[in-house]
Every structure is written in C-alpha cells, then in structure tokens.
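Let me begin by presenting the structure, written as structure tokens, before commenting on it.
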Amino acid sequence: MNRSFMLGLALLWAAAGAASYRVKPGDTLSGIAARAGLSVAQVQAANPRLQGSALQAGWVLTLPERPVQGRRYTVQRGENLTVIAARAGVTLGALLKANPQYQGGKAVLAGATLTIPSAASAARSGTVTVRPAATGGPRPWLWPVPGYQGVSSGYGERDLHGDTEMHYGIDISAPHGTRVLASRSGRVLEARADFERGWGWTVVLEHPDGWITRYAHLSATLVKAGELVVQGQLVGRVGSTGRTTGPHLHFGTYLRWDPRDPLSLLR
C-alpha cells in the first residue's frame, strides 16, 4: 500500500470529515478506492463527474467521510456494516452492539445514521468474535463444495443463449443436494429467494475485512440473516433455482462489493 497516499489521507481526514485526492498519471479508480478503504461505488457517488467519464490525471476527487470512533456516521452508497466497521477500526460485533436495530440481519441503507462505538466501549461490550473452524487450522479461503472441483463456467465474459454477458463468479458442478460450506467466517447478510436477479435461493456472507461471498442457485438455505457463521459451516445445498440450466453452485467473491475472480483466492 502507498504509505504517502495513506499518510496524506490521514492528515486530511483528521482535519475534516472527508478527504481530497489529486489523480496522478497511472491511477485507476479501483486502485484509489482500495487504498482509501472505499468501494468504487462510494467514490463515484461522491464525484458526479465520474459518471460516464474516464478518470483523468489532475482531477481532484472527494473521498467520502471516514467513520470516527465515538461519533455518529451517515452511511454512504455502496457501504455495508462490515466495511464501516473495518474503516472505523472496530469489530463488526461491537458495531452491531452499538446499533441493535441491525442485529437481526436488517440491511443498512444509504443515508442511515449509525453510532460508531469508541475503542473503550467496544472492549466493554463483550460481543462475540467469530473464529475459524478449529479442525486443520484456519485457512484464508475454503473451497465451498467439498469433493467437487469441476468449474463449468469461469469468471469473465461468456456467451449465454447467443448473448455475451459478464459472469461475476464461478459455477461449480455438483449433484443436487450437495453440501455448500462457508468459505470464510462472517455474518449472514442475506439468506433468501432472489429470483428477481436470477440467483434463486441465495446466501450472502460479509466478512470482517471487507470481503463478501455469494452462494447462489441453492436448493435450500440453512442459515438466517444476521447469524454469525464459522468457516466450513454448512450454509446451504446445491440446487438449480433461479436462472440456471442444471444443478451447480454459483460462487461469487467481492471486495467491498467490487467483483473479484474467486479462483484467484481459492487456489
């Protein structure tokens, strides 16, 4: 990570709620967002000129407010509780303790106001810390369908019924009813039928460092929104619900909702 970039942002954030950054040659929007601990959607929302325009060196971008411990914070577009907790330097459990209205898995929407706990209050809260499964020692990422390694459709552009589309994940072939395991420990963000977007029965987990995983086309979901799960826990079973031609698991990985290739993490 660029130390001078982060030092400059830290000084600006200390002086004001938001920071400014002058784009340098070679910068990318995703790179600026990642170094600032933001999502691309957050940076775009704070800079209307980026909508439909290519990033140009010399532009001065506004980088959204950083959550500060012991203060109130307004949720920005593209954020979730995991991202806010990580940027504020508190645990997800402590953030939920300070904002109990979201403990049951209720989605946090842009414009909502959160209480960011101080480090002292977070230490007193006694909230549960999610730990990886003990068997075999912790692993950064776990293959979500044990015993089935075949990928029928990879990450990237693909042809589907004559149309080219971007596939933001991988499809893992497995029989109907095969166990689907949590690739990492985290909190259940969604466990529902999402036929509007073609996912069918789907589980979405948010993890303490800004990563998010999606498990789609399930025949059954075995967790509930708001539940804390550990790596390797059973979260669902392979199915063919939603927009699919047969039983498989769609597995997607996102860093602060920016899609990433799961195979770059799993292997």
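- T253 is linked by a side chain to side chain donor-acceptor pair (under 3.5 Å) to nothing, counting only residues two or more places apart in sequence or in another chain.
- The residues D27 and R22 are annotated as not salt-bridged, no charged nitrogen and carboxylate oxygen being separated by less than 4.0 angstrom.
- Residues that satisfy the side chain to side chain donor-acceptor pair (under 3.5 Å) test with T74, not counting sequence neighbours, are absent from this structure.
- Evaluation of the side chain to side chain contact (heavy atoms under 4.5 Å, CB included) rule for H248 yields D171, H217, T244 as partners, not counting sequence neighbours.
- A donor-acceptor pair is defined here as one N or O able to donate and one able to accept, closer than 3.5 Å; such a pair exists between the side chain of N99 and the backbone of T115.
- Remark: the backbone N or O of G154 is paired with a side-chain donor or acceptor of H167 at under 3.5 angstrom.
- Legend: residues meeting side chain to side chain donor-acceptor pair (under 3.5 Å) with D194, ordered by chain and number and at least two apart, are R192, R197.
- A cation-pi arrangement, defined by a distance under 6.0 Å to the six-membered ring centre and an angle within 45 degrees of its axis, is present between R49 and W59.
- For S173, the side chain to side chain contact (heavy atoms under 4.5 Å, CB included) partners at least two apart in sequence or on another chain are S152.
- The shortest distance between side-chain heavy atoms of Q149 and I172 does not fall below 4.5 Å.
- For CH2 of W211, the number of neighbouring non-hydrogen atoms (other residues, nucleotides, ligands) closer than 6.0 Å is greater than 12.
- Ring geometry for W201 versus F195: interplanar angle over 60°, hence perpendicular rather than tilted (30 to 60°).
- Y148 pairs by the side chain to side chain donor-acceptor pair (under 3.5 Å) definition with nothing, not counting sequence neighbours.
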